[in-house]
Each structure stands twice: as C-alpha cells, then as structure tokens.
Amino acid sequence: MIKAILIFNNHGKPRLIRFYQYFAEDMQQQIIRETFHLVSKRDDNVCNFLEGIYFTLIYRHYATLYFVFCVDSSESELGILDLIQVFVETLDKCFENVCELDLIFHMDKVHYILQEVVMGGMVLETNMNEIVAQVELQNRMEKSEGGLSGAPARAVSAVKNMNLPEIPRNINIGDINIKVPSLSPF
Amino acid sequence: MALKIVKGSIDRMFDKNLQDLVRGIRNHKEDEAKYISTCIDEIKQELKQDNIAVKANAVCKLTYLQMLGYDVSWAAFNIVEVMSSSKFTYKRIGYLAASQCFHEGTDVIMLTTNQIRKDLSSPHQYDTGVALTGLSCFVTPDLARDLANDIMTLMSHTKPYIRKKAVLIMYKVFLKYPESLRPAFPRLKEKLEDPDPGVQSAAVNVICELARRNPKNYLSLAPLFFKLMTSSTNNWVLIKIIKLFGALTPLEPRLGKKLIEPLTNLIHSTSAMSLLYECVNTVIAVLISLSSGMPNHSASIQLCVQKLRILIEDSDQNLKYLGLLAMSKILKTHPKSVQSHKDLILQCLDDKDESIRLRALDLLYGMVSKKNLMEIVKKLMLHVDKAEGTTYRDELLTKIIDICSQSNYQYITNFEWYISILVELTRLEGTRHGHLIASQMLDVAIRVKAIRGFAVAQMATLLDNAHLLTGNTQRNGICEVLYAAAWICGEFSEHLEDPMQTLEAMLRPKVATLPGHIQAVYVQNAAKLFATVLRKHEGETDSQAAQETSQLLIDRLPLFVQSANLEVQERASCILQLVKYIQKLQQKNVEVAEEVTALFAGELNPVAPKAQKKVPIPEGLDLDAWINEPPSESESEDEKPKAVFTKEEHKHSRSRHTEVDEKELARRREVRKQEQANNPFYIKASPSSQKVYDAPGVEHIPVVQIDLSVPLKVPGMPTSDQYLKLEEERQQKEKAERKKKEKKKKREKRGKERKADSGPESEEDIRPAHQVDIVTEEMPENALPSDDDDKDPNDPHKALDIDLDKPLADSEKLPVRTHRPEVLKSPAEDRVNESIPQETNKGSGKEKKEKKKGKEKDRKRSKEEKKKKKHKEVEEELLESQPEEAIQSEETKEATAPPTSTSTEASDLDFWLCSAPVPPAAQEETAPSSAAAVDTSSAAAPESEPDEPKDAEPEDTKSSKHKKKKQKKEKEEKEKKKKKRHHHHHHHSDAGGEDSVQNGTVEEEEPLPPMSNYSLLAENSYIKMMKEDADQVYDIQGNHQDESKVVVSVIFENKSDSFLKSMEFNVLDSLNSKLQRPEGAGPHDSLTVPFQLPPGVSNEARFVFSVQSIVMPQKLKGTLTFIVKSDESSTHEKLDFKLHFTCTSYLITTPCYSDAYAKLLESGDLKGSSLRLEGISMPFHHLLARICFHHHFSVVERIDSCASMYSRSIQGHHVCLLVKTSDQTVSIDAKCDEPSLLGNVLDEIKQTFSKC
C-alpha cells in the first residue's frame, strides 16, 4: 500500500499532498516537514530509499521538486520508483513541459491526474497512454460543461490582473522545467 | 429570479478562483496568515450563496488551503453539496475535497450514502469513476456496509475503467466491513482472469494485499497465480504475484519447490531490475522455507548471492541498497554464502550514502562469528572515530553493541575485551546512547561472574575520571555510564583494590552536578562501599581508619541531603543518620562491620523481561470478583486508594456522588489510568527499563560544562586493541597446542552454561579466554512456557482472517437495498454463461427475494466455476507435460475430482503442488486418495498408474483406472448419504467441466438415492457396452455455432475369458450427426479403440460427434468389431448397437441468475409447454436432483415445493422449467425458444420418471 504521496519543492513548500491514511491536518504538516527534513539533506547521487519515521520513503528529485511516495513493505521499491517516473512523465504530457508553476496553479488538475494513477493507496494504472487518455476524456467532459471558471470569470480575472502588473506571470518558466530523463525500460 | 441569476453572475465576476488565490498568497509572503484568513472569510461568504458554481469554486480553494495545513472540516457540509451537483466539473471538485479532508469522524459522511449510490450507478462512467476514487479515501464501516453490494455489481461493469476501480476499492470495503469478503471473493477471483489487463492487475493487487496479512486463506489460489505468473508479461502484476508467493511459501514448502524453477528462469531472462530483485527476494523466501526440508539448493543460493553481488557492485545506489537489503535476508539462513562477500560489505561501510552504510551494518550484524568478531568490531571502531555526523556515529555505536551482545553474547570469547570496548565507547563525544552503554556494562558485570573483578577495576577508573564524562549531562548522555560504574563498584565492592579511593571519588562535590538519578545511585553505593571499607578495616583492627571513613561520609553527605532531587535527598539523609549512628558505635569500639554488611547482602540476579507476564494466576483467584460486598453507588471505588494524595479537584466529585453513573465511572477509570501511567511507582503493562533512570527536573539542575577538546588517554585504561593482539597470539598458541594434542581425545567444551555453539564457522575450535558464566534470566516458578502472540489486536486485517474456501451460508449475503430498482451490469463478452445484461424492474417482493438468493447462488456458482477452471488448468498442465490423447488426461482428471467442494479445494492444491514436476507421480498420488475410502475391490486393483496408457504392456492397470472411477462414484454416493448439503456430481467434470448443482439452498433433507448415468448400449457373450446416457457436451461458441460437438463415453467391459483386442468402433453417420474421425480418414472408416481388454476388465473410451441440429433426438447405428484371442485361437467378432442421442444430452448445466432468469421469462421470446406427472412419491428435492442429474438443469430458485430451473443447449437455446409439486402430482411448466426441443426434453423427463 502507498500511504501517502507528497510533492514539495526545494524549500519544503507542499505542492500536492495526498494521504491514503487519515491524519489530522497538523499531523500531515508535521509529516511533510519531517519528510522534507529527511529528504532534503540527501545528495542527489545517493539512493532513493529511506526508512522514514512512519513508512519507507521512496522519492525522486526533479529540478525544484521532490516527489515522495510513502509506502509499506508490500510495494516493490524499484516498482514505485518507476511509478514516480510514469507519474512525472504523465504530468509532463498533460501540462506540456511541466514546471513547478503548473503544479502551483493547477493543484486540482495534478490531483485528477494522480487519481488515475493511484487509487486509495493502490496502483490503478501504470500505462501512461491510458492515464493520459482518461484524463483528457474527463477534461473534455469538463470543457463541454463550460468548466469551473467560465468565460466571464476568466475575462474579469484578466482585467483584474492588468491592474496588478507586479504579479509575476509565467516568468522564467524555462528555468524550472522539470527535465525528464529518458526512461530505462521498466 | 432572473435578477438573482444576473446578480449571481456579477458576484461571480469578483470571486477569486484558485489561481487568484495562489497568486494572492504568493504576493503576500510577509503576511500570509493574515491574507489567508481574509480569503477564508471570503470563502465562507461564497459558500453561503446559492450558486453551485460559486460554491464549487470556494470548495476548490479550500482544498488548496487544506494542503497548506488549514483545517477545513467546517465546510464539510458544503463539500457534500458540491459532491451532489449534477455537473461533472463540480462533482469532481466536491469528491476531491472530500477525499482530502473526510475521515471516519466526519459526521456528514452519513448524508452521502445515497448520493454516492446514485453516482455509482450513473450512466456516465466518469461520474462513477470519480465517486469510486473519492470513496476509496473516506470509506467508513457504514458506507462500506451500505454500498458493498453496489460496488460488487460494478465489478462486472462493461467498462474496464470502472471495473478496475471497483475491484481496487473492494479492498477498502473489506477492511471496513469484513463480512463482505466472503460474498465478494468469488467475483474478485473471477477478475484475476479478466480480459482487461488493468482489471486483472487490480485484482492481483487486492488479493495480494489481502493475502499478505492472512496468507493461509489464499493458499488455494496458488495454482491460479502460478498460471498468471507464467503467462503474464506485465511486470507490475508479476512483481505483485512474486511478492505474494514470497508470503505464501512459508506456509507450503511444496509450493516453494514448484516455484524455484520458473523464478530462476525469470532471474535469468528478465532485463527489468525491479522484477529481478523481487524474484531474488522470493527465491530467498523459498529457500528459507525449504531450509529444513531440502538441503540441496546451493545452486539457487549461489545464483541469488551472485546476482545480489552484481547489484551491490552496481554504480546505481538504489540497486546497491536493495542488494544489501536482500543479502541480509539470505544471511539469516545461509550465512556462509554471504560471509564470503565480507570484503564487499565492509567496502560499503565507506560509502558516501548513509542508508547504504546502515544496511551494510545490518549485514555485519549477522556475519560475525567468534573468529571474526574482534576484527569486525575493530573496523567499526575505526569508523566510529572517522564518522562525522553524530547520528551515524550513534548508529555505529548501537550496532557495535548489538553485534557483541547478540544471542546472549554468543560470539564473545573475551569479556575483558568487551568491557574495554565499552569503556572506549564512553569516550565518544555527544553520544546519546550513554544509557545503552551503561546497561551493557551492568548486564555483563552481573551476568558474567568471572569478569567482575576486571569490570570493577575499570569502573573505578571511570569513576576516578568522572570529570571526563560529565561534559554531556543531558538525558541519555554519556554520563549515564557513571550510573553503571557507581552501581558496579558498589555492588561488587569486594573486588575493589582500593575501595577507599573509589569512595572518595564518589563523594566529590562535583558529583552534585550530575543528574539526580545518578546521584542517588552514587549515594546508595557509597553506603555499600562504606560497608566494605569498614569490614576491611575491622579485619585489620584499624579502628582509626574506619572512623576516618565514617567522618568522610558525615562530611560529604550533607551536600546530597540538600539536593533538590527527592530521591537523592531521601537516600542521603537516611544514610547520613545511619553513618552517624555507626560512628557513635565505633566510638564505643563496637564491631559493626558485620551488621552494616548485612544491609547489602544477597545476590541480585537479572529477571527475564517477560517474567511478570509469566507468573501463573493461582488457582481460585478471580481478579474480577468482588472481595467484599460491592460498595453502594455513593462510594465510588476509586476514591479510597487516592485518599492520601487526592487533589482538590477530585474532592468535588465526592459532593455530587449521588449522580455517579456508569459513564462517570468509566471516565474516572480513565482518569485513574492516566494517573497511574504518570505515576512512576506504578508498574505499567510494558515497563521500560529506562523509566528507572528518569527523574523529573533533571534538566533544571545547573550544570557546569567542562569543555575538553582533546580526548584524554586515561592512564591505566587498557585499549581494546591490545586484546585483539593478545587474542591472535592466544589463538595461535592454542592452535599449536592443539596440533600436539590432536591424537588425544576431543577436548571437552568449556563454558558450561553457554548455549551449544551454532555459529556459522567451526566455533568449537575457539574457546573463551577465561571461564565465563552467563547467569540466565530468572523466571517465576511455574512460569508458563507458551510464547505469547504479540499480535496487535487493533490490526484491521485481523478481521479479514476469513476462510474463503467454505461455501457461503445464506446469512452471509450482502445487504441489498430493495426500495428502488437496481441496475445490474454485466459485461456481455466475458460472461459466457449468461450473456444477457440484466435489468430488473420493480417487482413483487417475491421476486426480490429471488434476486437475493439468486445472487447468492451466483456467487456459489462462480466459485465452483473457478474450481473447474482450476481443474482445467491442471488438465492443461498435464497436457503440456504429457502430450497424449485428450481421453487420457480427461480420465486422469475425472479420477481426481473429489466429491465435496471444500475437499476439492484442498486436494486440488495438493494435486497441483505435486503434479507439475512429474505428472505420472501425480497420478499415483491422487489415485490412492480416491481409492482409499472404497471397499475391497480396490485392493485387487493395483494402485500404480500407467505411465503410457497407450502401450499394450500395462493393460490391467488401465482397467483399474476405470474401477477407480467407479469407486469414485461410489464414494460420491457415500458422501451424499452423509447429508452433504451440496451434491456435486463429477461424472461429467471433464471437458466442459460442468457440475450439476442441486438443491443448493436446501437444508438437511433426506439423502439422495444413488443415481447412475450409464445405460446398456449393447451386449453379447464377449463384451458389454455401456453408454453414458447423458453425454458430456462441448460447447463450441462463436463461429462454430451451428456445429456443436458431443462427447460420448462408452464403457467396454470384457465378459469373456479371452483377450479382446483390435477393437474398432464405427458409426453410420447421418446428415445431422457425424462421428469425428481423424484427419485424412474417410467418412466410413472406423475408429480404433485405444486399448485392449484382458478378461474381466473394463475401460472407457470417448468418441466425439459433431451435431448440426439438436432439436430432435437421434439414433445412430453402429458396429464394434474386435478380435477375441484365446489361448488356442483368435476370432473376429462383431457387435451392433444403436446410439441414442437424447435431447437432454445437448443441454449443458448452466447456472443462472434469478434476475436474469426473470428477465428471460419476461422477454416473451420463449414458447411455453407443460407436463403433468402423476403418482410421483419421491421427495421434492430428489425430484429436482433427478432432473438436474439426468437432464442437466440447475436450480435457479426453490421456494418450498416450487422450483425454477434453467438449462441451456449447446446451441444457446434457453430452457426454463417451473416445477411444482402437490400430492404426488408434479406439474412442470416449461419455456424454451425452440418448441420442438422443449417438447422432446419434456418427453424425456417424463420417461425418466416413468421408469421409477
């Protein structure tokens, strides 16, 4: 079982948290902090497994983000490592060159993608094309319903943003692109 | 209204969406909390609006805030509102929020049940999908109970997307509602063979999770998993299955044997490291489970170790890590194979990666032996010196101690060396394991009597140089060793050379800076030392010195009397008064040493940690019984013991004692437990030895930090390295000595109380440097030897320890909601037997009842089907390994089909487990089991089975096989008589492999009379041919719809005294039915019967016919020619016969859902017909059994004296019967889509009953 999936950046700011076992919010934050503490002090060239306080941690570090899967003994370490790779590649496909900003502003979408990969702590699908297809079908369905932020709201939000020129929008995205290395066969 | 909408959308224009919120938070870095609180206020406003879009937007933002750690449970109700929106966009947001913040304590969850049910049955697959995903995160026991049935239905949804989600979520449902496991399991099992790989993988996933916790219940699935393992190419599935096998092998060593080969193949062939690694892991598990039984697996071990070495040497740190991890598993059973890689592992200690170093340390733990312990520890000590981070150094320290102390100090040959190591370890700066070192010192000093002198000397030195250790006075700091040192010096003070000096050291003013609990020990042991000093001086009649000692104590102790620590103060003042009294006596020249020593006399032995638990409860002691009359309500039981220390607040409760009720009592009990937990004088359930050292307020004692940058070499302290050299010399010397003595008797072993040496190397050769005496731990008298299970009673998986092989009972069905229509979806293509997707309408109550039972039935059915599939596998396996005619394998299988379902499971597994490697042996194994229960006729038949049935050589054994089959049947009949609830007839368990299920729901009825299916075909003086009148049928689906195949089994029995051979079987084909002949044979050629018959022997052969139309019964004329060979002559003989194909022989027993059945009847495609039978006196269930047995029907539903039955022809005609009985009259209403078929079937039924 996967107990939790945490994504946070190099400073420990959470970008996505998904617990498959109930913890109160403060406990969740503590787990994030402790996990970050454990993971962040490790070099990039050491192994990706770590005996955490609560579970085994399996993580990957991409540019500015850490993807951490907290698992119990029934999961294969290397398998999960590959799963993280699949997940990140899927993100990359869905967001077209994913970067941290995508995750920051579209946490909900990342959740929806994750939901197609892992469900209730168990691996649902490992085939990237299948995942992408399902996500896209659902997005299309959302679009056909008009989406959450319909056209008027978006227009207003654009106007609002024009009044606030200091908001950094899509600046330097190129720098924090997640580099997806070429995959070795599973 | 319109205005409202306009207003709503204008409001919306100024709402923040998620992106705005995120942007806002990023722009307010300095006052983030304040900004968020204004946002939350806004969200609260938005949630109050009616517009669902606004609400959804707000909930979406809340999900983000939840991630940042804000509690959003206050919006739970709004989340439910958004969940129940009809738009997918909002629904998805709602479910996401719910999955992030709902949990079992969320009370609005109860409101969601119906909404979720609605979403689950939504026509849009993504509504269902989203609901399943959400539910998987917040399912509660109530939800699981209410929705289990709906989810189970979804497991057969037409869309694989839904199926795989439904399968996965079942695991969560099982956890929360264990009762659902048994009813749902057959379907889950079915999904293991789902055509969609994703669903299959999900099912494997769930079963693996289940099996990991309760492996024994899933052993019977091993063959199925084995098949999956050898056929699947999905690495995920393979990994899961291989991991599962790792959990199963300890329970069934035979499974391990079977696994070794395919796993080894996988190891050799796979390029995926993950798979390779899991294979190696499971091979290791197998080897562990086999370690006792099969010694000769060195090749596999070698392979594993070799592969692991490759992993460890890999530059990828991940592989290195996992390699070490797996290596440590091999180490447990095959230490020798790992020890040869010691170099590699020691190398890993230098790795830059801490996790790898730690794993390597774990390995070292298992690799030590008497020979290499000192060497390894020396290496570790070097690492301790080099180590930078304190955590790693501490880890090293604990590992050194673990390594040395493992299994009762088994590997230590020289305890002086060990004490030196411990003393050396005390020089580590900033360690947090002072306590650990201290307890080791105590343990060794107490348990190894021979070492006490040395230990005391070392401890005295430590005490003398206590200032070196006091740098770190935090809890668990290195100063803890002083605790041990003081106690050892005091307790074993008779070994001290100069007790006076030690006493002096212990009473230095500096001591007052130590933590309280250490001071207390100092004071107490100073008194012990004092006693020793007195005795020494009195022995020398040196009253002056003795008095000086008393004076020293009287001078120094007041310092401790003033201690803030209660323990220290109390002990100090007691001892001070004692010493003052002694001084008085001394001044009167009274000899006191004897009496003072007596204060501390007696040996302290270690007590086993479990000792307390093991004290047997004396007979007649009932701790729950009242000793006195139970107190009246007013006097609550917990008041009395607290009387002395009761705090103010508790006194209040006394004034209102009249209203003390159960709740209050429970609360107080809780409070009292809490208090006891905090009370250091209470013995807790799991006493941790550490508690002893804890004293409140230690941290507050002002401490002068002594900063020593250079670790001092303490004079007089031997370093452990010396011992290493000494040891080497000693061993060499011993070796030389031994060479001299070689021819003499074996040296008797030293170390009498030590465990028999079981070290990996030839340990006997190394004897301890000096006699050691490890005192064993004390246990109470009459201690119960049983080892308690330390299982956590709160483990949710405990509830899932359910026997899945037992047939389902009526009471176990899942609750079905009946007040509204339910949609049953079943994928048409993967269900051969009922290809109609069902939709039941609102019906009468009876119908619903039927439906329930039908489902029940269905579960049973699918279970049985599975079983049969397993049979098939077995068969296939046999076919693979023994490519012979199908007839042969069918027979084998028939012989092995046991009569009852439970035993089927068990013996199937047995069969499977022993069959594959050597198929003939397997037959042998199973044959006796079937023959075992039978009468003497079996004794006559040789029990060995033929390897090559086609050969002429083992002719007699062939017939024995047939006999066995007969015996089999007899056995079945016997079983029936044993009032088995489920009667399975395995006459036909071959080929199509259908059982006729009878009376599935009938409890305790009269036993059935034996039934036989064989009828006489033709007979002459030489031979008798018996035909099974209900032929087993192959169902050829799809493109061969119009040409079905029928198998006819014919038993040939030799009645003569001659040998019958060259039997040829021929049938005159009709337009409709043709005998299947081998390719190339003409339409009139005869078939050779594949055996010969010695006198008195019978055997069975099968012939396949292809049939076009099945609506009419048919008769085929045929001839059997054979040669009768007697001693003197051989004649050619001929026997004519007529093969009668009844219409019922074209029916296949096909179980049917009662709802599918109802639907079928409603469809109106079926033509009706009816039949009346008079004078039927047999019980109704016998009647049904007969119809099932002879005519291949299955009971769909039975209510009292009325039953509905179903069957299907090989060409897909549905045949439905409604059988009613009253007063010896049976009326059968039948419907079928082919009237002539129906008419013939009814005629045949009539015939069956007219015969009896």
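The sequence lines fix the lettering, A, B, ..., with proteins before strands; numbering per chain opens at 1.
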Q. Looking only at heavy atoms, which two atoms of B:Lys240 and A:Ser74 are closest? And how far apart?
A. NZ-O, 3.4 Å

Q. Of the non-hydrogen atoms in B:Tyr171 and A:Met1, which two are nearest, and what is the gap between them?
A. CE2-SD, 3.8 Å

Q: Please look at B:Val130 and chain A and tell me whether the side chain, the backbone, both or neither of the residue comes under 4.5 angstrom of a heavy atom of that chain.
A: side chain

Q.
Could you check whether A:Glu145 and B:Thr89, counting side-chain N and O atoms only, form a donor-acceptor pair closer than 3.5 Å?
A. yes

Q: Please examine the side chains of B:Gln100 and A:His111, heavy atoms only from C-beta on, and report whether any two atoms are closer than 4.5 Å.
A: yes

**Q.** When A:Leu50, A:Asn127, A:Leu137, A:Ile17 are compared by non-hydrogen pairs under 4.5 Å with chain B, the top option
**A.** A:Ile17

Q. Side chain of A:Glu77, backbone of B:Tyr321: donor and acceptor closer than 3.5 Å?
A. no

Q: Taking the side chain as every heavy atom from C-beta outward, state whether A:Tyr112 and B:Ile93 have any atom pair closer than 4.5 Å.
A: yes

Q. So do the side chains of B:Lys87 and A:Glu142 get within less than 4.5 Å of each other, counting heavy atoms only?
A. no

**Q.** Minimum-distance pair of heavy atoms, taken over all atoms of A:Met119 and B:Leu168
**A.** CB-CD1, 4.2 Å

Q) Do the non-hydrogen side-chain atoms of A:Val123 and B:Trp236 ever get within less than 4.5 Å of each other? A) yes

Q) Side chain, backbone, both or neither: which part of B:Ile242 has an atom under 4.5 Å from a heavy atom of chain A? A) neither

Q: Using a cut-off of under 4.5 Å on heavy-atom pairs, state which of B:Ile169, B:Leu244, B:Val167, B:Leu96 scores highest against chain A.
A: B:Leu96

Q: Just say parallel, tilted or perpendicular for the rings of B:His103 and A:Tyr22, cut-offs at 30° and 60°.
A: parallel

Q: Using a 4.5 Å cut-off on heavy atoms from C-beta on, say whether the side chain of A:Cys47 contacts that of B:Lys320.
A: no

Q) Do you know which two heavy atoms are closest between B:Tyr64 and A:Ile104, and how far apart they sit? A) CE1-O, 4.0 Å

(Q) Within the 3.5 Å criterion, strictly below it, is a donor on A:Gln134 or B:Tyr126 matched to an acceptor on the partner's side chain? (A) yes

Q) Does any heavy atom of chain A fall under 4.5 Å from the side chain of B:Leu325, the backbone, both, or neither of them? A) side chain

Q) With respect to chain A, which residue among B:Gln125, B:Lys352, B:Lys164 yields the maximal number of heavy-atom pairs within a distance under 4.5 Å? A) B:Lys164

**Q.** Taking every non-hydrogen atom, the tightest pair across A:Glu25 and B:Gly69
**A.** CB-O, 3.8 Å

Q | chain B contacts, top residue of A:Asn45, A:Asp26, A:Leu83, A:Asp43 (heavy-atom pairs, under 4.5 Å) | A | A:Asn45

Q: Below 4.5 Å from any heavy atom of chain B, which atoms of A:Arg42 appear? Answer side chain, backbone, both or neither.
A: side chain

Q.
Counting heavy-atom pairs closer than 4.5 Å to chain A, which one of B:Glu209, B:Arg92, B:His124 comes out on top?
A. B:Arg92

Q: Go through the atoms of A:Gln115 and report whether side chain, backbone, both or neither lie under 4.5 Å from a heavy atom of chain B.
A: both

Q) Just by modelled atom types, is the B:Met67 backbone N or O under 3.5 Å from a matching donor or acceptor in the A:Gln29 side chain? A) yes

Q: Would you mind checking which part of B:Ser201 comes under 4.5 Å of any heavy atom in chain A, side chain (CB onward), backbone (N, CA, C, O), both or neither?
A: neither

Q) Charged N to carboxylate O below 4.0 Å: is that the case for B:Lys165 and A:Glu116? A) yes

Q) With side chains defined as the heavy atoms from C-beta onward, is the minimum distance between B:Cys60 and A:Met107 less than 4.5 Å? A) no

Q) Backbone N or O of A:Leu78 within a donor-acceptor pair of the B:Asn318 side chain at under 3.5 Å? A) no

Q) What is the distance from atom OG of B:Ser99 to atom CZ of A:Phe19, rounded to the nearest 0.5 Å? A) 13.0 Å

(Q) With a 4.5 angstrom heavy-atom cut-off, is it the side chain or the backbone of B:Leu18 that approaches chain A, or both, or neither? (A) side chain

Q) Can a salt bridge be assigned to the pair A:Asp108 and B:Lys61 using a cut-off of 4.0 Å between side-chain N and carboxylate O? A) no

Q. So, the side chain of A:Glu125 versus the backbone of B:Gly198: is there a donor-acceptor pair under 3.5 Å, distance only?
A. no

Q.
At a 4.5 Å cut-off on heavy atoms, which part of B:Phe138 comes close to chain A: side chain, backbone, both, or neither?
A. neither

Q | Contacting region of B:Glu104 [heavy-atom separation from chain A under 4.5 Å] | A | neither

Q: Spell out the residues in residues 3-13 of chain A that have some non-hydrogen atom less than 4.5 Å away from a non-hydrogen atom of chain B, in order of number; otherwise answer 'none'.
A: A:Lys13

Q. Which atom names give the shortest non-hydrogen contact between A:Gly79 and B:Ser274, and what distance separates them?
A. N-CB, 4.0 Å

Q: Hey, could you give me the CG/CE distance between A:Leu81 and B:Met273, rounded to the nearest 0.5 Å?
A: 13.5 Å

Q: Check the pair B:Gln66 / A:Gln28 against side-chain contact (heavy atoms from CB on, under 4.5 Å), numbers first and verdict last.
A: CA-CA 10 Å; B:Gln66 196 271 344; A:Gln28 291 185 354; 3.2 Å; yes

